[in-house]
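Each remark here refers to the structure printed beneath this line.
First listed ligand is number 1; within each ligand, the first listed atom is number 1. FYI, the numbering just counts along the sequence from 1. Only this structure's heavy atoms are used, side chains among them; waters, hydrogens and symmetry mates stay out.
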Amino acid sequence: MISAVMPTYARADLAFERGEGVWLYGTNGRRYLDFGAGIAVNSLGHGHPHLVEALTQQAQRIWHCSNLYRVPGQERFAQRLVDATFADTAFFTNSGVEAWECGAKLVRKYQSATGQPERWRIITATGAFHGRTLSGISASGGEKLTKGFGPLVDGFDHVAWGNLNELRAAITPETAAICVEPVQGEGGIRPATLDYLRALREIADEFGLLLYFDEIQTGFGRTGKLFAHEWAGVAPDVMCIAKGIGSGFPLGACLATEAAAVGMTAGSHGSTYAGNPLAMAVGNAVLDVLLEPGFLDQVDRVARRLWHKLVPLPERYPTLIAEVRGAGLMLGLRAVPPNTDVIAAFREAGLLTVPAADNVIRLLPPLTITDAHVDEAVAIIDRVCADQVAHA
Ligand SMILES: *Cc1c(COP(=O)(O)O)cnc(C)c1O
């Protein structure tokens, strides 16, 4: 008999009753070091006092009023995002894929509004993940996401990740934009080189295409800069963000330059819930913390500590860990045995991690971790690996 909750997830038999900082407390009475952060979502950990305060204060005033009216929290949050990024304007959403989809619509609308309606196709990369709507899975490609859901939405051309020759060859008079993640997340923590990102900017300019970065997973401090593309010193025309932006409150946004958003006029796009006062209160509170002087420097510092402690693992445990890769606090261990087995062993030892494609184990801790949390996580990883080798 089918479960009352539609069985679309492979869930661990574990539930939590409480979270505090980097720790989650299970209903089984055990506590876990959370290096998954709800899949890169709880950017400031669990129960951050500033966020709890912002949400509960807002809950006393007004939850929702729709976008028929001005929402002061939106105006403030949008202005702060604009001030902190390449963008001139922001559209708020409730989830990642809606933010991504807003960008996909925006790039088509840009071409049509600027007299090139024939340019409507978007180039995406193999191994990409842009979300689970019909157009999201069509853009992502990949059998695991798309099987049985066809016919897919037309208008996406997939090229090999990191391959500029293939990308150039895929550009036609119908191409509107290039859309990539600076570090592929679900695809297995596969970082673009900075040169690749710079070349995408040049190619987009050369061919009159918009450059669209999906920073849903890489954004909001995850890589040690506010956005991952900042490492490359190039800016996109359009960017979607979500996950860490609300630290656990459902929230996303699509950011764009004024030129790119030329077609996004009143009535062109919308959402009932999106950008409601609760979400905006939390988003603004997350940004308060992220923009504190020194916060991102600390993320970068602690991330380097974690990186240096993980790098020796493949040599120490060649039968378990094949490779360490990633950026900032978005790191992947490519496993030798099935990644889910290793993740279960980590979990049993008190460390939560997240699977990804390419047999990768993702480490996505809250950005608020300290050296002590890093050392504890690495000690657990080390202990589990040593134990598995001993019992192999
Ligand atoms: C998680 C993710 C999405 C989809 O976000 P949802 O909130 O699950 O809709 C899209 N793109 C990337 C890069 C992601 O990591």
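Close approach of ligand 1 to Glu181 (heavy-atom distance below 4.0 Å) involves ligand atoms 13 (C). Counting the atoms of ligand 1 from 1 in the order shown, those under 4.0 Å from a heavy atom of Val97 are 4 (C), 5 (O), 6 (P), 9 (O). Atoms of ligand 1 lying under 4.0 Å from at least one heavy atom of Gly131, given by number and element, are 4 (C), 10 (C).
Asp387 pairs by the side chain to side chain donor-acceptor pair (under 3.5 Å) definition with nothing, not counting sequence neighbours.
A 6.0 Å sphere centred on OH of Tyr196 holds more than 12 heavy atoms belonging to other residues, nucleotides or ligands. More than 12 heavy atoms of other residues, nucleotides or ligands lie within 6.0 Å of CD in Glu206, so this atom counts as buried by the packing criterion. Environment of CZ in Phe149: sparse, with no more than 12 heavy atoms of neighbouring residues, nucleotides or ligands closer than 6.0 Å. At most 12 non-hydrogen atoms from other residues, nucleotides or ligands lie less than 6.0 angstrom from CD of Glu258.
The shortest N/O to N/O separation between His130 and ligand 1 does not fall below 3.5 Å. In terms of N/O distances under 3.5 Å, ligand 1 is not approached by Glu186. Ligand 1 has an N or O atom lying under 3.5 Å from an N or O atom of Gly96, backbone or side chain. Note: an N/O pair closer than 3.5 Å links Phe129 and ligand 1 by distance alone.
Residue contacts with ligand 1 leave out Trp100, since none of its heavy atoms falls under 4.0 Å from the ligand.
Lys243 NZ, 2.6 Å is the protein heavy atom nearest to atom 2 (C) of ligand 1. Nearest protein heavy-atom neighbour of atom 10 (C) of ligand 1: Ile216 CD1, 3.3 Å. Regarding atom 11 (N) of ligand 1, its nearest protein heavy-atom neighbour is Asp214 OD2, 2.8 Å.
If you chain together ILVMFWY residues whose side-chain heavy atoms come under 4.5 Å of each other, Val183 ends up grouped with Ile39, Ile189, Met330, Val354, Val360, Leu364.
Within the 4.0 angstrom cut-off, atom 15 (O) of ligand 1 has one or more protein heavy-atom neighbours.
Counting only distance, with no hydrogens or angles, the side chain of Arg108 and the backbone of Trp120 share a donor-acceptor pair below 3.5 Å.
Between Phe91 and His269, the ring planes are tilted. Angles from 30° to 60° get that label.
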